[in-house]
Amino acid sequence: MGRDVPALTFTREDRRRYRIKMQECLEAFAQMLRESRFDSARPQVGLEIELNLVDDRAEPAMRNTDVLEAIADPAWSTELGRFNLEINIPPRRLTAGGPDAWESEIRDALNHADRRARSVGAHLIMTGILATLRQEDVGEAALSENPRYRLLNDQVFAARGEDLHIEIAGADRLRTYADTITPEAACTSTQFHLQVSPEEFADYWNAAQAIAGVQVALAANAPFLFGKELWHETRIPLFEQATDTRSQEIKVQGVRPRVWFGERWITSVFDLFEENLRYFPALLPLCDEQDPAETLNRGDIPELAELTLHNGTIYRWNRPVYAIAHDKPHVRVENRVLPAGPTVADTLANGAFYYGLTRALVEEDRPVWSRMSFSAAEDNLHTAARHGIDARLYWPGMGEVPAAELVLRRLLPLAHRGLERSGMDEAWREPLLGIIEQRCVTGRNGAVWQKEMFHHIDATAHCGRHEALRRMTQQYIDYMHLNAPVHTWPVD
């Protein structure tokens, strides 16, 4: 859903034509798979980070247009809410220049953007949900100016036919309704991309699905929403509910949600794109002039515009991506389960764990997805989102075990092996995966620190809930800029 779209209304003819074009795109995609037309010689990794904007008091700043103009860099773009921005870090080989080079590139880009944001009275913060965000901050006025967001909002509510119902119970309970999709803007994530060959895609996607719960348990960083203390990774249930196009009656009938874990292990990347067409009506039926079959027949690479636009409105936690780079098509897994932050050091540690572990699982003689039910993987995701690093997760051969024990005993050695197989030597691996190890040993991630710091301030300063959240967020920003991993952050 990254490209600009015009502000317009859709007719029945638009939808009929779009359905035909999507089927033509799917057929062209199948032909490309049969003819092995994809680039897989030098696979790359990529990273997108969504960030929040705050003012000098760590309150939401509705300034993304001004900040984007100040940054003046095409790597940056708006997101759904006026208090959001996103950076797309250029793709690279996993081991190119070593992890220090990637960390320096990311930190330089974020620090430059933060300096430019300060020039217009804003600051950047990497966190799963901005703790100072109030419900009144996410009304219609919070939608970003780009017409695509207004159009998406209108189409979601046209499909749904009623206000969104958001209900999440944790230490506190949130029950509310929304008449726009802007509560979704509260969810800010880190998205890891992994380019793979079409032949390997299913294995990597299955592996990513199998470890989604583990990733969330380790990296949870979104315990507060609208002033309430909810799940350790509240972003997961909020995103599922804030983009739901189904009324209650449609849910009961078993219609799939647009924020979707899936329902089965796959055997091909084609399975996912085919499911998109089979299960989900188009939200944005915008047709491109390109004929994909004709483009293929003359030896060119089709954009598959309708297929990719539709894919961008179906929010799988691990999403398939078709793209063209340097005149060659490729496919990649977009891993979307993780929150943003707390630091660049934490982000790269999360990436090392993900990239190393998926490779190791793919190369096992007996894949984990052949020994684990799909529903168990989905249950792990929601259990991890609710309980964070204290979650008990299921893993084949171990049963239900604490997430930290699972990582230390079984998964961290696999992640080391996968990174080694990718060409990353021990001197590079140890600092990155050592952060993951220490999170497990200390039982501390972003969500734990936020909760502890909030309760410490609340108990000692007696300043009121929102003020305690504001002070916690200011301290979070200070530590974020130091780039020390979150498990080392003090609470005082």
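Quick note: residue numbers are just sequence positions, from 1. What you see is a predicted model; the values in this text were computed from it and never measured.
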Check E199 against S36 and note the closest heavy-atom contact, atom names and distance.
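Result for this residue pair: OE2-OG, 4.3 Å.
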[atom1]/[X] to [atom2]/[Y] distance, rounded to the nearest 0.5 angstrom?
X    : Y    : atom1 : atom2 : value
H112 : I71  : NE2   : CD1   : 7.0 Å
Q44  : H193 : CD    : NE2   : 12.5 Å
I181 : L80  : CD1   : CG    : 5.0 Å
R417 : R359 : CZ    : CZ    : 12.0 Å

For atom CD of E35, is the number of surrounding heavy atoms from other residues, nucleotides or ligands below 6.0 Å larger than 12?
yes
Distance only, no hydrogens: is a donor on one side chain within 3.5 Å (strictly under) of an acceptor on the other, for [X] and [Y]?
X    : Y    : result
T188 : N52  : yes
R392 : T383 : no
Q191 : S189 : yes
N311 : T308 : no

Does a side-chain N-to-carboxylate-O contact under 4.0 Å join R116 and D73?
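Between D73 and R116 there is no salt bridge, as every charged N stays at least 4.0 Å from the carboxylate O atoms.
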I want to know whether F261 and W317 have ring centres closer than 6.0 Å.
no
Which of these passes side-chain contact (heavy atoms from CB on, under 4.5 Å) with F192: T358, N350, V45, N318?
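Going through the options one by one, the only one that passes is N350.
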Are D271 and S268 close enough, and set up right, to give a side-chain hydrogen bond (donor to acceptor under 3.5 Å, both in side chains), and what steps lead you there?
CA-CA 5 Å; D271 295 349; S268 168; 4.8 Å; no
Are N276 and R316 close enough, and set up right, to give a side-chain hydrogen bond (donor to acceptor under 3.5 Å, both in side chains), and what steps lead you there?
CA-CA 10 Å; N276 288 355; R316 297 177 186 270; 3.1 Å; yes
